[in-house]
Every structure is written in structure tokens, then in C-alpha cells.
Student: 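This is the structure, below, for whatever I ask next.
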Amino acid sequence: MPELPEVETVLRGLEPHLQNQKITAIKTYRKDLRIPFPKDIKQTLEKAKIISLKRRAKYILINLDNDMILSIHLGMSGSIQIITNGSNYDLLKHDHFEMTLSNNTRIIYNDPRRFGMIFTLSQDDLVNHKAFVHLGPEPLGNAFSAEILKNRLKGKTVSIKQALLDQTVVVGVGNIYACEALYMTGLNPEKQAGKVSLNKLEDLVQSIRRVLSTAIEAGGSTLKDHRQVDGTLGYFQHQFNVYDREALPCGQCDCNIGKTGGVKRIVQSGRSTFFCPPKQKG
DNA sequence: AGTGTCGCCTGAATGC
DNA sequence: TGCATTCAGGCGACAC
């Protein structure tokens with residue numbers, strides 16, 4: 001469930017703890033997540049120094065001074081715990097990976113459903129690695145625009161909702177923010193992707209940018225709150241306009257709910273879509 | 001190449 | 001109470 005904003009929030013939470021630290025120990029508590037841990041992960045990471053943290057799509061990329069990158073994907077249920085100053089911590093069920101740093105901080109990855117991925121790659125492989133080579137533009141970057149989107153949607157017969165979830169179209173948008181962005185744009189999620197006008201796509205691009213930016217801001221405050229309670233970084237709860245609000249009023253509701261039935265839930269390609277029919281006719 | 005479906009995985013919620 | 005079923009979803013694999 002972590003989408004771009006949650007991943008970005010986790011990254012920002014990790015950054016101050018990881019930057020310029022040396023990795024002193026790596027432990028794996030099982031052999032795989034969604035994919036196996038690299039066999040040589042210990043050798044690759046131990047003794048390396050962390051230079052910087054970046055994000056590409058929903059991947060956290062930790063750049064090391066040995067020209068390698070540690071890539072972490074939270075999948076659907078991944079979260080990260082930061083234990084500082086050698087505080088006591090008993091491993092929990094589903095803690096699968098642990099990294100100890102020279103500042104005596106422990107970074108612990110927990111993932112009940114194990115849809116996440118942890119792997120390493122070299123800087124040279126970044127461009128051509130199969131996880132990254134087909135990815136579309138970053139929605140918050142300069143390379144994302146209505147024209148680009150129009151181009152990528154050309155001839156697509158799938159719904160605009162499904163297209164937004166397609167990583168080759170645009171990255172970082174998952175089920176929740178796809179629903180929210182379409183609501184904000186007043187676009188019907190079932191509209192054919194290739195038939196959305198350039199004008200509407202202008203609106204959609206702005207909506208995607210806004211919904212993601214707002215969520216990142218919300219994540220920032222969540223981060224503060226979380227740090228006071230414990231060191232868990234991961235998915236955070238947020239107020240949505242339509243997502244998970246079946247039969248309830250939408251965020252900007254001025255409809256007669258008795259008549260309209262409120263937010264509608266449909267299933268597209270096996271995924272729930274929530275939308276407000278009167279407001280999303282486009 | 002584009003599209004549709006399935007499987008991975010656990011825990012919460014629901015059904016009988 | 002207890003057991004079985006359904007659902008959640010990011011993303012790769014696969015079939016057509």
C-alpha cells in the first residue's frame with residue numbers, strides 16, 4: 001500500500017540516521033521476500049559507507065561508496081523501524097532484514113506479506129536494470145506533462161484508472177492516489193485512456209502532482225508524530241475524498257446522498273475503484 | 001505490443 | 001467458538 005508519498009516519507013525519515021554512516025553488520029532472518037536476498041548481500045554491504053539516499057518510483061535507493069546501491073521496495077505491507085543508541089529491541093514477527101550502522105543505529109525491515117524486495121545493484125546497472133528500465137516519468141519531476149501523458153496513452157483502450165497504475169505510463173501512483181487524482185480532476189475512471197482530451201490531461205497532471213505533494217506534506221507531520229512514539233516508518237493513514245468511502249459522501253459532497261448513493265465502488269482489473277459518479281462524468 | 005488474468009503472502013473481516 | 005472463505009494490493013509472469 002505504500003505509494004510514492006509513503007516511500008518518500010520513509011526515505012526522509014531514514015536520511016538523517018543513515019547519511020555518512022558505515023554499515024557494520026547485515027542480518028537476514030529468512031532467505032527471501034518477494035525475491036531472494038542476494039547471496040552476497042553481506043559482503044556487498046558490510047563495511048560500505050552510505051553516501052546518499054534517493055528515490056526512483058517506489059524504490060528507495062541507498063548509494064554506497066563502493067559503487068553499489070541497496071534498493072528497498074516496501075511492497076504492500078513493508079515498514080522500517082529505526083532503533084537508535086543501542087536501545088533494547090526484541091525482534092517482532094515478520095522482521096526479515098536488519099542493518100547495523102557505525103552510529104549504533106539499527107534499521108529493521110518488517111513485512112508481513114513479503115511483497116517487498118531488497119536487492120543490490122551497481123551504479124552502472126541502474127539505467128538498464130529490469131526493475132527500472134521500463135519505468136515511466138516521475139510524477140513530481142519536470143519530465144511529467146500532459147503532452148508526455150497524451151503520448152503514452154495514445155491508442156490505449158484500457159481505462160484511465162488502469163493506465164495510471166501502469167508503471168510504464170507514470171510511476172509512483174497506486175490505487176489510492178489514482179482514485180483521488182481522478183476525483184480531483186472530475187474524470188470518470190472508466191473512460192478509455194486514449195480518449196482523454198489534452199485539456200483533461202492538463203488537469204489530471206496537476207491533480208496528480210497536488211494529491212501526491214499534499215500526501216507527502218501529511219507524511220512529514222506523521223513522521224514527527226511517529227518519531228515521538230516509536231521509530232516505525234511506513235504506511236500512514238490519511239483523509240481521503242473517495243478512497244474506501246463506499247456509500248459515504250465524497251470529500252466535496254453537495255449531492256443528495258439518498259438519491260445518488262454516495263461514493264461508488266467498482267472493480268477494475270481486480271482492483272477496487274472508488275469514485276463519485278455525479279462529479280466524475282468527464 | 002497491448003491487454004487480461006493469475007499468483008505471491010498474511011491478517012483482518014466476514015460467513016456459516 | 002471455530003473453522004473456512006474473502007479481501008486487500010504492487011508487480012512480475014504468463015497467455016493470447
Side-chain angles (χ1 to χ4, degrees), chain A residues 1-11 28-38 55-61 71-80 91-97 109-119 121 128-136 138-139 149-182 189-196 208 212 215 232 234-238 240 242-247 263-275:
Chain A
M1 188 127 34
E3 302 184 26
L4 186 150
E6 289 80 10
V7 176
E8 184 68 30
T9 300
V10 170
L11 188 153
T28 53
Y29 296 114
R30 54 175 296 118
K31 66 177 190 338
D32 60 2
L33 296 173
R34 184 195 164 91
I35 58 174
F37 289 110
R55 180 187 56 73
R56 174 70 175 116
K58 297 169 191 167
Y59 293 87
I60 293 170
L61 302 176
S71 168
I72 299 178
H73 194 297
L74 299 171
M76 160 65 190
S77 56
S79 65
I80 288 177
L91 285 181
L92 299 172
K93 194 174 180 183
H94 309 306
D95 282 345
H96 305 308
F97 174 86
Y109 179 96
N110 182 288
D111 189 353
R113 294 180 204 178
R114 304 207 301 274
F115 282 9
M117 288 175 270
I118 294 182
F119 58 91
L121 69 159
N128 293 318
H129 192 280
K130 65 172 180 178
F132 307 104
V133 71
H134 298 297
L135 294 179
E138 288 288 332
L149 197 49
K150 183 85 185 163
N151 217 1
R152 296 201 171 233
L153 298 181
K154 196 178 285 176
K156 274 200 181 290
T157 59
V158 293
S159 69
I160 184 66
K161 158 74 186 321
Q162 283 167 262
L164 288 181
L165 297 181
D166 184 341
Q167 294 291 286
T168 67
V169 171
V170 60
V171 303
V173 182
N175 203 41
I176 295 174
Y177 297 114
C179 293
E180 294 293 308
L182 288 168
E190 296 191 280
K191 175 123 178 162
Q192 271 190 31
K195 291 187 175 173
V196 181
I208 290 170
L212 295 179
T232 306
Y235 182 67
F236 54 88
Q237 201 54 48
H238 191 60
F240 302 118
V242 285
Y243 184 79
D244 206 18
R245 294 186 60 80
E246 184 176 14
V263 170
K264 192 174 173 193
R265 175 183 176 273
I266 58 174
V267 175
Q268 296 178 283
S269 187
R271 302 281 139 81
S272 289
T273 299
F274 298 89
F275 71 114

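Chain letters run A, B, ... following the sequence lines, proteins first and then strands; every chain starts at 1.
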Student: Starting at CE of A:Met117 and ending at C1' of C:dC11, how long is that distance when rounded to a whole Å?
Tutor: 6 Å
Student: Tabulate atom names and distances for all N/O pairs under 3.5 angstrom spanning the protein and nucleotides 9-11 of chain B.
Tutor:
unit_1 : atom_1 : unit_2   : atom_2 : d
B:dC9  : O4'    : A:Arg113 : O      : 3.4
B:dT10 : OP1    : A:Arg114 : NH1    : 3.1
B:dT10 : O3'    : A:His94  : NE2    : 3.3
B:dT10 : O2     : A:Arg113 : NE     : 3.3
B:dG11 : OP1    : A:Lys93  : NZ     : 3.4
B:dG11 : OP1    : A:His94  : NE2    : 2.6

Student: From CZ of A:Phe274 over to C1' of C:dC7, roughly how many Å is that when rounded to an integer?
Tutor: 11 Å
Student: Report the relative orientation of the aromatic rings in A:Phe132 and A:His129; use parallel for angles under 30°, tilted for 30 to 60°, perpendicular for over 60°.
Tutor: tilted
Student: Does A:Ser79 form a side-chain hydrogen bond (donor to acceptor under 3.5 Å, both in side chains) with A:Asn110? I'd like the steps, not just the answer.
Tutor: CA-CA 5 Å; A:Ser79 65; A:Asn110 182 288; 4.5 Å; no
Student: Dump the intermediate steps for salt bridge (Lys or Arg N to Asp or Glu O under 4.0 Å) on A:Lys93 and A:Asp95, then the final yes or no.
Tutor: CA-CA 6 Å; A:Lys93 194 174 180 183; A:Asp95 282 345; over 6 Å; no
Student: Do any N or O atoms from the side chain of A:Arg113 and from the backbone of A:Phe115 form a donor-acceptor pair under 3.5 angstrom?
Tutor: no
Student: Whole-Å distance between C:dA13 C1' and A:His134 NE2?
Tutor: 13 Å
Student: Is there a side-chain contact (heavy atoms from CB on, under 4.5 Å) between A:Ser159 and A:Gln192 once you walk through the steps?
Tutor: CA-CA 4 Å; A:Ser159 69; A:Gln192 271 190 31; over 6 Å; no
Student: Mind calculating the distance between CZ (A:Arg271) and C1' (B:dG7) to the nearest angstrom?
Tutor: 11 Å
Student: Before you tell me yes or no, could you show the steps for A:Lys156 and A:Lys195 under side-chain contact (heavy atoms from CB on, under 4.5 Å), namely the whole-Å CA-CA distance, both residues' side-chain angles and the distance that decides it to 0.1 Å?
Tutor: CA-CA 8 Å; A:Lys156 274 200 181 290; A:Lys195 291 187 175 173; over 6 Å; no
Student: Starting at atom CD1 of A:Ile118, determine the distance to atom C1' of C:dG10, rounded to an integer number of angstrom.
Tutor: 16 Å
Student: C:dG9, OP1 or OP2 - any side-chain N/O from A:Ser77 closer than 4.0 Å?
Tutor: no
Student: I want to confirm an ordering. Mapping A:Arg34 and A:Gln162 to their closest nucleotides on DNA chain B, which one lands closer to the 5' end?
Tutor: A:Gln162
Student: Parallel, tilted or perpendicular: which describes the rings of A:Phe240 and A:Tyr177, with under 30° parallel and over 60° perpendicular?
Tutor: perpendicular
Student: Is the count of non-hydrogen atoms from other residues, nucleotides or ligands lying under 6.0 Å from A:Lys58 atom NZ greater than 12?
Tutor: yes
Student: Note the angle between the end axes of the helix from B:dG2-C:dC16 to B:dC16-C:dG2, five pairs defining each, rounded to 10 degrees.
Tutor: 50°
Student: With ring pair (Phe, Tyr, Trp, His ring centres under 6.0 Å) as the criterion, how do A:His73 and A:Tyr59 come out once you've worked through the C-alpha distance, each side chain's angles and the decisive distance to 0.1 Å?
Tutor: CA-CA 5 Å; A:His73 194 297; A:Tyr59 293 87; 4.7 Å; yes
Student: Which whole-number value in Å describes the distance from A:Phe119 CZ to C:dC11 P?
Tutor: 11 Å
Student: Check the distance between C:dG10's C1' and A:Leu74's CG and give it to me in whole angstrom.
Tutor: 11 Å
Student: What does the list of N/O pairs under 3.5 Å between the protein and nucleotides 1-3 of chain B look like, with a distance for each?
Tutor:
unit_1 : atom_1 : unit_2   : atom_2 : d
B:dT3  : OP1    : A:Thr157 : N      : 2.5
B:dT3  : OP1    : A:Thr157 : OG1    : 2.8
B:dT3  : OP2    : A:Lys156 : NZ     : 3.2

Student: Using a 3.5 Å distance criterion without hydrogens, assess whether the side chain of A:Asp111 forms a donor-acceptor pair with backbone atoms of A:Leu33.
Tutor: no
Student: Is a side-chain donor or acceptor of A:Arg55 paired with a backbone partner of A:Val7 at a separation under 3.5 angstrom?
Tutor: no
Student: Could you check how far CD of A:Glu3 sits from P of C:dA8, rounded to whole Å?
Tutor: 15 Å
Student: Given C:dA13, C:dC7, B:dC8, which nucleotide is nearest the side-chain atoms of A:Arg265?
Tutor: C:dC7
